[in-house]
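These notes are about the structure you will find just below.
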Amino acid sequence: MTNTDLTIARTALITSAVMGAALAGAYIMEYGFKILPCPLCLEQRQPYFVAIPLGLAVAASMRWQAPRLVGVAGAALLALILFWSAKLGVFHAGVEWGFWAGPADCAVAQPITRSASGLLSQLSQTRVVSCTEAAWRFF
């Protein structure tokens, strides 16, 4: 394995690890601390679901000495996915800070019960998560 192949493999592996840790943090916040995600939060997870296995596949392909073109193409695709993720994050932050309007359907959809008493109970327990308010801030 050449130095270039090793660099591609390490970069892809580190990217997968960091994105995996970020996704794990999101799930810990959601299930451990009961901080419900808004629809934009959930949309921001989509690039992670694509990038993590892609990064692992790129690292493995370089380790198994696949043609360098495979690694370079995979790393380029990984960079595009990271750009997509950053774009979603900037958009979501702009919505939270009031720089621009968010999507009109910015609430968590839940199935509706069929009985009237069940509906009243469900309405009293439903918590609508807005995309315009940050549930938690680091700084």
Side-chain angles (χ1 to χ4, degrees):
M1 185 183 318
T2 67
N3 283 340
T4 304
D5 295 345
L6 189 59
T7 301
I8 291 171
R10 284 182 180 163
T11 303
L13 199 56
I14 289 169
T15 300
S16 288
V18 169
M19 292 186 89
L23 194 56
Y27 280 118
I28 289 170
M29 298 293 277
E30 180 179 354
Y31 294 108
F33 296 106
K34 306 296 185 214
I35 298 175
L36 297 177
C38 71
L40 287 178
C41 294
L42 295 173
E43 187 177 347
Q44 279 183 264
R45 295 178 187 181
Q46 293 173 359
Y48 291 72
F49 295 134
V50 177
I52 293 168
L54 176 63
L56 294 173
V58 169
S61 70
M62 291 291 90
R63 176 70 176 104
W64 293 325
Q65 299 178 352
R68 183 170 295 143
L69 180 61
V70 171
V72 171
L77 186 57
L78 198 55
L80 287 173
I81 293 169
L82 291 174
F83 179 74
W84 171 33
S85 177
K87 179 182 171 282
L88 289 172
V90 167
F91 177 73
H92 191 184
V95 169
E96 286 180 351
W97 287 98
F99 295 147
W100 45 75
D105 63 341
C106 205
V108 176
Q110 294 187 357
I112 296 175
T113 185
R114 299 219 184 256
S115 70
S117 63
L119 179 61
L120 289 175
S121 174
Q122 185 180 11
L123 286 174
S124 68
Q125 296 175 359
T126 299
R127 184 172 158 220
V128 177
V129 180
S130 173
C131 295
T132 59
E133 299 171 16
W136 181 80
R137 293 191 194 271
F138 185 63
F139 290 114

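In the hydrophobic cluster analysis, where Ile, Leu, Val, Met, Phe, Trp and Tyr join through side-chain heavy atoms closer than 4.5 angstrom, V50 is grouped apart from L23. Tracing side-chain contacts under 4.5 Å through hydrophobic residues (I, L, V, M, F, W, Y), one reaches F91 starting from F99; they form part of the same cluster. Put simply, Y48 and Y27 are part of the same group of oily side chains (I, L, V, M, F, W, Y) that touch within less than 4.5 Å, one to the next. Hydrophobic clustering (ILVMFWY, side-chain heavy atoms < 4.5 Å, transitive): L82 and I52 are in one cluster. Following chains of ILVMFWY side-chain contacts shorter than 4.5 Å, one cannot reach Y31 starting from I28, and the two form parts of different hydrophobic clusters.
Note: M62 CE to T2 OG1 = 8.0 Å, rounded to the nearest 0.5 Å. Expressed to the nearest 0.5 Å, how far CG of D5 lies from CZ of R10 amounts to 12.0 Å. In this structure, the separation between CG on L54 and CE on M19 is 10.0 Å, given to the nearest 0.5 Å.
By the 4.5 Å side-chain criterion applied to Ile, Leu, Val, Met, Phe, Trp and Tyr, V18 is assigned to a cluster that also includes I14.
Residue A12 comes nearest to A59 through the heavy atom pair CB-N, 4.0 Å, listed as atom of the first residue, atom of the second, then distance. Shortest non-hydrogen contact noted between I8 and A75 is CG2-CB, 4.4 Å. In terms of heavy atoms, L78 sits closest to A51 at CD1-O, 3.6 Å. Across every non-hydrogen atom of G71 and V58, the tightest pair is O-CG1, 4.0 Å.
Around CZ of F49, the count of heavy atoms belonging to other residues, nucleotides or ligands within 6.0 Å exceeds 12.
Within the 4.5 Å cutoff, no side-chain heavy atoms of E30 are placed close to those of C41. Side-chain contact between L40 and V95: present, with at least one pair of heavy atoms (C-beta onward) separated by less than 4.5 Å. Counting only heavy atoms from C-beta outward, the side chains of Q44 and P37 never approach each other to under 4.5 Å.
Between the side chain of S16 and the main chain of L56, a donor-acceptor pair closer than 3.5 Å is present. T7 places a side-chain N or O within 3.5 Å of a backbone atom of N3 that can act as its donor or acceptor partner.
Applying the salt bridge (Lys or Arg N to Asp or Glu O under 4.0 Å) test to every pair with at least one member in residues 74-95, sequence neighbours left out, gives no pairs at all. Counting only residues at least two apart or in different chains, salt bridge (Lys or Arg N to Asp or Glu O under 4.0 Å) contacts with residues 71-83 are absent.
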Kindly indicate, with the supporting measurements, whether the criterion side chain to side chain contact (heavy atoms under 4.5 Å, CB included) is fulfilled by L88 and E43. CA-CA 8 Å; L88 289 172; E43 187 177 347; 3.5 Å; yes
